[in-house]
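For clarity, every value in this text was computed on a predicted model and none was experimentally measured. Values reported hereafter were calculated over all heavy atoms of this structure, with side chains retained and with hydrogens, waters and symmetry mates removed. Numbers restart at 1 for each chain; the letters A, B, ... are given by sequence-line order, proteins then strands.
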Amino acid sequence: MPENSSAYSGGPVRVRFAPSPTGDLHIGGVRTALFDYLLARNTGGQFILRLEDTDRNRLVEGSIDKIYESLRWVGLEWDEGPDIGGPHGSYVQSERVESGIYADAANRLIKKGLAYECDCTPERLERVRERQRATKQAPGYDGHCRTRDPQELADSRAAGNPIVVRLMVPRGRTANFSDEVRGNVSIKYQDISDFVIQKSDGFPTYHLAHIVDDDDMKITHVLRGEEWLPSVPRHLLIYEGLEIPRPVYAHLPVILAEDRTKLSKRHGAASALDFRDAGYLSGAIFNFLALLGWSPGNDLEVMSREETIAKFSLDRVKEAPALFDRSKLEWMNGTYIRQITVDELVDLAIPFLESGLPAHAPRPIEAARVRPLIAMTQERMKTLAEAPEAIDLFFEDAINPTPEELIQKKMDAASTASALETSLNIIRDFEPFEPEPLEVRFRALAVELDVKIGALFGSIRVATTARKVAPPLFDTMVALGRDRTIERIENAINSLESAAG
RNA sequence: GCCCCGUUAGUGUAGCGGCCUAACACGUCACCCUUUCAAGGUGAAGAUCACCGGUUCAAAUCCGGUACGGGGUACCA
């Protein structure tokens, strides 16, 4: 039985996502934020965004905006945060330091004899570690300053030596606690050395800062990656020392790439914005990420945001690492592309068309112009990034199909040329120039010419698109327009004749 | 090294002691639809539930060990 349980007793939760502004927001971070969001919305609670920037050396310019942008793109709106404020601000740790809340907490722990100051130099720490390696002992701080004479420390401080505060980890005790996804866990304090809670620059470490802030912000549930699980005993010690109730813990499974190593840049897109730029839809990412470590317990996979919120619960989060299956994401994105309206798809596709369509296509890309083209390729697209290549054939001035491509099964250059010639004559003054009537006429033509429908349509398709795979033929003709259709077929006949001649 | 967590078809998941002769989805293959490709439909192949023991009338499910994988062991989060 866990000796240490949380004060939470049901009802709306308060959860926070607390990234460090140290670069792009990794997709794993977004997944954590998503689970926070889902839990908050499911229980009618609050989702809070907080910036943990206590490591002054790792700050990366611009990453805060990227965090906002990533979260908003996926649709994870926060209820309190650095940019929108809230009753428990500031929501940026570095801005909270001067209020003294972290130093106060550290001092309280020192006064109670649960923490102590330490002036060990990095060099000494390195020597200790070396010795431990040599004697095959567990690496970690040796507790040297636990028993230092207070006067000695005071002198050291006066001499300008950097001082940190370490928590005194009790030997012989065991931390027993319950985690919402892993169940009961027990870890011996034996294996944990006295860790730093306040750095020599006066900033708290994560261990101290997040606890002080979570308490101040009335956080009820802590959701984070499972890499934090072994740190829980340290945190329990701080909660105990500060006499504040601990939150409910849920350590989420890591996300692995297909090669079973942690998903990273190496595997291509890894940050949320990478996925946006690769042409994935926000809804698809939301849906896919929700399934990364969680499932509703039935066969449902494609779910709306509302459904996901309604069904989400921590006890259905999986313990095993979640594997990021890109081919499944592609499939899911395709289903989302097919679900939205043509107009929505056009809006989403235009940025991709602006950059991906041939240079001579008129800019800016007009929605009305590309709408019919997008409409006929919608169900063939898996990502928005495929939009340009799906419709660029409509923007080419001249296409040059080879005779080999034009000539279909059981046909030769002469019969192909003559079939195209006949087709051309029909197209020149066929009315109305619309898909259905055209199809009826050309089906009849195949019979008249005694060739397979597939062969006739195939050579016309190659003649008009220079592709074997293209949108439906008569939609293509109409989209191309009568004049350009004629031009392209004439061009194809010429190439057949010059090859034969 | 030590500590923690995990392990169900190629992949993602469902399974919470008897309904499991293990389900669903992606992927693969076949067929249907069909002017190509998609989409859609139907079906097939694919798992001795990591391994070895134990508990039980009964184990994918509970317990122990082993193997493998991941994580932790910082004045990083």
Going by the rule side-chain hydrogen bond (donor to acceptor under 3.5 Å, both in side chains), which residues pair with [X] if we only count those two or more places apart in sequence or in a different chain?
X	value
A:R484	none
A:R482	A:E431
A:R148	A:D119, A:E152

Which donor-acceptor pairs under 3.5 Å do side chains of residues 445-455 of chain A form with protein atoms, sequence neighbours excluded?
from, atom 1, to, atom 2, distance (Å)
A:E448, OE2, A:R441, NH1, 3.2

| message | Enumerate the side chain to side chain donor-acceptor pair (under 3.5 Å) contacts for residues 457-474 of chain A, please, sequence neighbours excluded, ordered by first and then second residue. | response |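 Qualifying pairs: A:D392-A:R467.
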
| Partner set under side chain to side chain contact (heavy atoms under 4.5 Å, CB included) for A:V97, not counting sequence neighbours |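 With neighbours one apart ignored, the set is A:Y102, A:F203, A:P204.
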
| said: Once side chain to side chain contact (heavy atoms under 4.5 Å, CB included) is applied, do any residues pair with A:E123, and if so which ones, sequence neighbours excluded? | reply: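 Only A:T121, A:R127 meet the side chain to side chain contact (heavy atoms under 4.5 Å, CB included) criterion with A:E123.
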
| task | By nearest nucleotide on RNA chain B, pick out whichever of A:G140 and A:L256 is the more 5' one. | result |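 The 5'-side residue here is A:L256.
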
| So which one's nearest nucleotide on RNA chain B is more toward 5', A:P122 or A:R316? |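 The residue closer to the strand's 5' end, by nearest nucleotide, is A:R316.
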
| field | Who pairs with B:U55 - Watson-Crick or G-U, where each distance is under 3.5 Å | value |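 Partner of B:U55: none.
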
When you compare the protein's N or O atoms with those of nucleotides 41-47 of chain B, which come within less than 3.5 Å of each other, and at what distance?
none

| said: Quick check on B:C75: is either OP1 or OP2 less than 4.0 Å from any side-chain nitrogen or oxygen of A:R166? | reply: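 For B:C75, OP1/OP2 do have a side-chain N/O of A:R166 under 4.0 Å.
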
| task | Sugar-phosphate atoms are those with a prime plus P, OP1 and OP2; base atoms are the rest. Using that split, label each nucleotide of nucleotides 2-10 of chain B B, S or - for protein heavy atoms under 4.0 Å, 5' to 3'. | result | SSSSSS---

